[in-house]
Amino acid sequence: MPDMIDPDGLEAGADDYTPLGDLTPRPPSTKRDRKLLPAAILVLVVVALGAIVTQGLLNGTLFFHEVDDAVAERSELGTERFRMLGVPVEGSITETKLGENTAVAFTVVFDDVVADVVHVGDPPQLFQPEVPVTLEGHWVHGDAPVGSFVHGANDGWWFQSDRMLVKHDNDYRNDNEDRISEANERG
């Protein structure tokens, strides 16, 4: 006897009845796509925040050395990025160009120890000889791109800086006279 289909859509003649259901083709569901978009945005936001926090922590943990310490620890510091405090030597500042960039070559001193510096970028307006500066960068061994330094160490090492801070305006000088005097005496 041939299989018969009952009016409820069940196949007759089998041991158990199986519903045939509606077999009309439908477009694929976009519910999954709607759920993935917020998750993807959330992942991007978390990655961006992680990058910002990491960069902030790296900048905040840069070691700070006066010139004498930085020179003494040069082999340990290697090409690691750090901040260096020194006083530009009178008559040592030379402005130049390195490719398309403005650069300033000069010598800094602290506790009678000198170091040669090449700062790439425009120096702050307050940058001048005998005013303490904080430089951010790393040591480079080899010939400086500006040749020899006028009053420098010229020992084959130079500090490559890409950030310079001069915080000693008149208000700072008045509020921190002892600190500046100490830096100038040691510089």
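In what follows, residues are counted from 1 in the order of the sequence shown.
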Any link between [X] and [Y] through a network of hydrophobic side chains (Ile, Leu, Val, Met, Phe, Trp, Tyr) touching at under 4.5 Å?
X: Val113; Y: Val118; answer: no
X: Trp158; Y: Met164; answer: no
X: Met84; Y: Ile93; answer: yes
X: Leu135; Y: Val166; answer: yes
X: Phe127; Y: Val67; answer: yes

Minimal non-hydrogen separation, [X] against [Y], with atom names:
X: Val131; Y: Leu126; value: CG1-O, 4.3 Å
X: Ala153; Y: Asp116; value: N-OD1, 2.9 Å
X: Glu76; Y: Ala72; value: OE1-O, 3.9 Å

Query raised in the report: Is there a side-chain contact between Pro88 and Val133 (heavy atoms, below 4.5 Å)?
Result: yes

Requested in this report: Check whether any side-chain heavy atom of Val140 sits under 4.5 Å from a side-chain heavy atom of Thr79, and report yes or no.
Outcome: no

Requested in this report: For a side-chain hydrogen bond (donor to acceptor under 3.5 Å, both in side chains) with Asp162, tell me which candidate from His119, His138, Arg81 qualifies.
Outcome: Arg81

Query - Distance in Å, Thr96 OG1 paired with Asn101 CG, rounded so as to fall on 0.5 Å steps - result: 11.0 Å

Requested in this report: Mind checking the OG1-CZ spacing from Thr134 to Arg163? Nearest 0.5 Å is all I need.
Outcome: 10.0 Å

Query raised in the report: Does any N or O in the side chain of Asn154 come within less than 3.5 Å of the main-chain N or O of Ser148, such that one atom is a donor and the other an acceptor?
Result: no

**Report entry** Donor-acceptor under 3.5 Å (Ser92 side chain, Thr107 main chain)
**Finding:** yes

**Report entry** Asp155/Arg74 salt bridge by N-O under 4.0 Å criterion
**Finding:** yes

Query raised in the report: Can the ring centres of Phe159 and Phe106 be said to be less than 6.0 Å apart?
Result: no

Query - CA sep, side-chain torsions, deciding dist, call: Asp111, Glu66, side chain to side chain contact (heavy atoms under 4.5 Å, CB included) - result: CA-CA 9 Å; Asp111 271 351; Glu66 286 88 7; over 6 Å; no

Query raised in the report: Stepwise, does the side chain to side chain contact (heavy atoms under 4.5 Å, CB included) test hold for Val71 with His65?
Result: CA-CA 9 Å; Val71 169; His65 300 278; over 6 Å; no

Return a table of donor-acceptor pairs under 3.5 angstrom between the side chains of residues 45-52 and protein atoms on other chains or two or more places apart.
none

Query - Pro132 and its side chain to side chain contact (heavy atoms under 4.5 Å, CB included) partner, picked from Val87, Val108, Leu165 - result: Val87

Report task. Name the orientation class of the two ring planes belonging to Trp139 and Phe82 (parallel below 30°, tilted from 30 to 60°, perpendicular beyond 60°). Result -> tilted

